[in-house]
Structure formats: structure tokens, C-alpha cells
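Chain A is the first sequence line, chain B the second, and so forth, proteins listed ahead of strands; every chain is numbered from 1. In what follows, every heavy atom counts, from backbone to side chain, and hydrogens, waters and symmetry copies are set aside.
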Protein chains: 2
Amino acid sequence: MSAASTPRASTGSATGRREQLLAIAAQLFAEKGFRNTTVRDIADAAGILSGSLYHHFDSKESMVDELLDTFQRELFAEYDATAASDLTPLAKLESMIRSSFRAIDEHHSEVAIFQNDSTYLATFDRFAYLPERNERFEKLWRGLLQEAVASGELRDDLDVDLVYRFLRDTVWVAVTWYRPGGALSAAQVADQYLSILLKGISRG
Amino acid sequence: MSAASTPRASTGSATGRREQLLAIAAQLFAEKGFRNTTVRDIADAAGILSGSLYHHFDSKESMVDELLDTFQRELFAEYDATAASDLTPLAKLESMIRSSFRAIDEHHSEVAIFQNDSTYLATFDRFAYLPERNERFEKLWRGLLQEAVASGELRDDLDVDLVYRFLRDTVWVAVTWYRPGGALSAAQVADQYLSILLKGISRG
DNA sequence: GTCTATAATGGGATAGAC
DNA sequence: GTCTATCCCATTATAGAC
């Protein structure tokens with residue numbers, strides 16, 4: 001993409017129309033699901049007619065593609081930095097869990113779309129990267145869990161597969177109820193989640 | 001429904017054609033989502049043409065309605081029996097958690113449909129019972145949590161709302177990976193989940 | 001960058017024959 | 001209980017005017 005190919009004169013707004021439309025689409029996809037959001041819904045919310053959307057995007061799929069791909073690149077960059085650090089296995093996991101809650105806070109729509117629609121989207125070739133990154137994620141987290149058991153930081157009497165899924169699910173499912181700007185900050189939620197996860201909820 | 005209105009001669013099979021078709025629909029709805037499953041998909045899987053489905057059911061919505069309503073009635077009957085028992089608050093919760101994992105095992109498709117599509121379905125009047133039962137569920141479980149904190153069975157330094165959601169989510173999200181007949185039985189999964197939940201995953 | 005107009009497809013549902 | 005035939009509508013996407 002050359003500088004010349006990126007027009008930014010006329011209207012002036014630094015975040016162009018394209019980004020606005022993408023943000024509107026993201027919110028609708030997250031709220032109602034990808035298939036249940038029509039291009040007319042998106043156009044209505046943007047105050048234009050559906051045909052006009054195609055001046056900015058190839059297709060509805062292109063919109064969700066751009067949203068998910070951009071978000072996932074950022075998130076994995078954070079994970080990779082943590083993985084490369086010199087923390088203990090458990091501390092790396094804790095750090096990644098905090099990154100994940102931050103992602104739920106800062107990229108709420110994208111996480112919700114991923115949670116709700118990635119199975120469906122993965123049936124199309126262009127979204128082959130979704131299952132690929134899922135595998136990378138699983139290898140990373142599961143590997144850290146095994147290291148943390150080996151190093152004595154975690155209990156060794158639990159099924160590691162099950163703990164992995166417990167960990168993964170408890171983090172990401174929070175997108176269904178967490179609302180940015182609510183009573184608890186993402187960091188506070190992460191603290192309590194980690195406390196429950198590590199120490200349990202029973203007393204004594 | 002009089003006995004005369006329930007034909008069961010000819011083919012003989014005790015579970016009628018209607019139940020077969022319902023089971024086929026349940027599996028497809030669970031796998032691909034309600035909106036992403038066409039009546040033609042269902043008919044194809046049953047080896048008939050789409051029009052023929054309408055001899056048995058009013059509409060696609062009627063099918064999913066019957067599936068969810070029947071399942072939820074059974075489940076809540078179990079919860080109510082537990083609530084009426086003389087167990088401690090925490091023991092009641094444990095029992096309900098075990099009931100829930102059994103439901104994931106025995107009514108896998110219905111739970112998956114509920115998890116994936118109830119938000120969408122709830123936008124229709126006929127599914128008003130979904131949010132209603134959600135509220136009942138929440139009152140029940142949240143109430144037991146508060147009682148268990150008051151009785152000293154559970155930690156009192158955690159946000160009860162957050163613990164409630166943690167509890168609810170960790171149970172039901174298991175439907176995304178649990179497969180009936182797999183390596184771990186539903187009872188074994190429930191044991192490990194409760195162990196993690198109550199005691200945490202950290203060592204020492 | 002948006003509108004008008006419209007093509008093309010897919011999907012839910014119906015009526016009556018067999 | 002299933003098939004044939006078909007209707008009707010919603011939805012994605014396109015072409016060209018403004």
C-alpha cells in the first residue's frame with residue numbers, strides 16, 4: 001500500500017469513513033451474530049443505503065475478516081512477547097490471562113464475534129486462519145500448563161486437558177457478560193478470576 | 001391429547017417418525033446453529049423432501065421450541081427437587097452442578113442449541129420463556145451462593161456476582177468440548193470441575 | 001461517497017396429488 | 001407420510017447516475 005493509494009484529503013477525519021463503518025458493523029455482528037446481521041442493518045445504522053457499503057468493502061465477509069484478523073494479530077503479538085520473557089511458566093500464564101481480559105475490555109466486539117461465529121466462519125476457505133490460530137493458542141497454553149505442573153507450581157492430580165479447557169473457557173466466556181466501563185475493571189475481574197482459579201472458592 | 005388422536009399402528013416403531021425428525025433437527029441445530037440450518041438440510045438428513053416436514057411440524061421454529069421447552073422442564077424439575085431437599089447450601093449447589101453436567105451428557109444437542117441460539121430466539125414472543133427461566137436459574141444459584149457464604153462454607157472475600165457467573169459459565173461452556181461417550185464420563189468431569197472450583201489449581 | 005434500481009439466489013412455507 | 005410444484009420474501013451484490 002503506497003501512500004498515494006491512501007486518500008485522506010477532503011473530509012479530514014483521521015479515522016476515515018471506512019473505520020467508522022467497520023466499527024458499526026463490529027458492534028452489530030457482536031450483538032446479533034454475523035448471519036443475523038444484514039448489510040441493510042449495517043447501512044441503516046450508518047445512515048446510508050446498503051448498496052453504498054460496497055463502495056468501501058467487497059462483501060460482508062470482508063468486513064468480518066478484517067475485524068478478526070487485525071484483532072488476532074495484535075493479541076498474538078502480546079502472547080508471543082510474554083512467551084519469550086523469563087517469567088516462570090505459571091507467571092506467563094497469569095500474564096496471558098491478564099492480556100486476554102484486557103482484550104475483552106478493549107476489543108469487546110471482536111472477541112464476541114470470534115466466540116459466537118468462528119465455527120461458522122471457519123467453514124470458508126478465507127477463514128482458514130481461525131482454526132490455525134486456535135491450534136497455536138492451544139499449544140502455547142497447554143504447554144505452559146504442563147511446564148507449571150512439572151515445575152511444581154500447579155497441582156499434579158488434575159487432568160491437564162481438562163484444566164486447559166477450564167482455563168480457556170473461563171477467560172473467554174466472560175465476554176458474554178463483561179461490559180467495558182462497568183462496575184469492575186478488566187484488571188479487577190482478572191484478579192478475582194485468578195484468585196478463584198488458583199485458590200478455589202471454598203473457605204479453609 | 002386423547003389416545004385416539006395418537007396413531008401408532010402401521011409402522012410400529014414406538015418412537016414415532018416425529019421424534020426421529022426432531023432428533024435429526026436437534027443434531028443439525030446443535031452443530032451448525034439454528035439459522036444456519038435450513039429446513040432442506042433437515043429434510044435431506046431424514047431422506048425426505050423439505051415440504052414433507054410440514055406434515056409433522058408447523059415451522060422450523062416449532063421444532064426448536066419443542067426441543068428446548070421439553071429439555072428445560074426436565075432440568076428445572078431436578079433443580080427444584082434439590083432445592084427442596086435438606087442439604088446444606090453448598091451441597092445443593094454441588095448437586096445442581098452434577099445435574100447440569102448430566103444434562104450436558106444426556107441432552108447434548110439441546111444444551112448446545114440453548115447456549116448458541118437462545119439470545120437470538122429470545123427476540124421472538126413465543127420464546128419469552130427462555131429469559132424467564134434464565135432469571136429463575138439465576139435467582140436459585142445466586143441465592144444458594146449467598147447462603148453458602150453466610151453459612152461459612154464459601155470464601156467471603158469474593159464478589160458474589162462474579163462467582164455466580166464463573167460457576168454458571170464453567171458448567172455450561174463445557175458443552176462446547178464435551179462429547180458423550182468420550183474418555184471422561186460426565187460424572188468424572190463434574191468431579192474435576194468441582195475440585196478445581198472449590199480448591200483451585202495451584203499447589204500448596 | 002451515496003443513491004436508484006435491479007439482478008440473482010436461497011430459504012421458509014403452502015396446496016393438492018399420490 | 002411423502003412428493004411435485006410453486007409462491008413469496010429477505011438478502012447479498014452489482015451497474016451506473018449524481
Counting only side-chain nitrogens and oxygens, does B:R18 get under 4.0 Å of the OP1 or OP2 atom of D:dG1?
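So the side chain of B:R18 is outside the cut-off, no N or O lying under 4.0 Å from OP1 or OP2 of D:dG1.
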Does OP1 or OP2 of C:dG1 have a side-chain N or O of A:H55 closer than 4.0 Å?
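Affirmative; the distance criterion is met.
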Measure CD1/A:I42 against P/D:dA10 and give the value in whole Å, please.
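Interatomic distance, CD1 of A:I42 to P of D:dA10: 18 Å.
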B:L21 CG to D:dT2 C1', straight-line distance once rounded to whole Å:
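Computing the B:L21:CG to D:dT2:C1' distance gives 11 Å.
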Is it the case that the side chains of B:Y54 and B:S59 hold a donor-acceptor pair, with the cut-off being a distance below 3.5 Å and no angle test?
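Judged by distance alone, the side chains do not pair up.
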Mind jotting down which residue pairs meet the salt bridge (Lys or Arg N to Asp or Glu O under 4.0 Å) criterion with at least one end in residues 41-50 of chain B? Sequence neighbours excluded, please.
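Residue pairs passing salt bridge (Lys or Arg N to Asp or Glu O under 4.0 Å), neighbours aside: B:K32-B:D41.
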Partners passing salt bridge (charged side-chain N to carboxylate O under 4.0 Å, His left out) against A:D157 (at least two apart in sequence or in another chain)
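A:D157 satisfies salt bridge (charged side-chain N to carboxylate O under 4.0 Å, His left out) with A:R155 only.
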Residues in side chain to side chain contact (heavy atoms under 4.5 Å, CB included) contact with [X], at least two apart in sequence or another chain:
| X | result |
| --- | --- |
| B:Q115 | B:V111, B:W172, B:V175 |
| B:E106 | B:R102 |
| A:P180 | A:D105, A:H108, A:Y178 |

Partners passing side chain to side chain donor-acceptor pair (under 3.5 Å) against A:H107 (at least two apart in sequence or in another chain)
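Once residues adjacent in sequence are excluded, the partners of A:H107 under the side chain to side chain donor-acceptor pair (under 3.5 Å) criterion are A:E74.
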Angle, rounded to 10°, between the helical axes spanning five pairs at each terminus of the helix from C:dG1-D:dC18 to C:dC18-D:dG1?
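The value is 10°.
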List the atom pairs, donor and acceptor, that lie under 3.5 Å between side-chain atoms in residues 159-167 of chain B and the rest of the protein, sequence neighbours left out.
{"from": "B:D159", "atom 1": "OD1", "to": "B:D161", "atom 2": "N", "distance (Å)": "2.9"}
{"from": "B:D159", "atom 1": "OD1", "to": "B:L162", "atom 2": "N", "distance (Å)": "3.1"}
{"from": "B:D161", "atom 1": "OD1", "to": "B:R142", "atom 2": "NH1", "distance (Å)": "2.3"}

Starting at the 5' end of nucleotides 4-18 of chain C, put B wherever the base has a protein heavy atom under 4.0 Å, S where only the sugar-phosphate does, and a dash everywhere else.
B------BBBB----
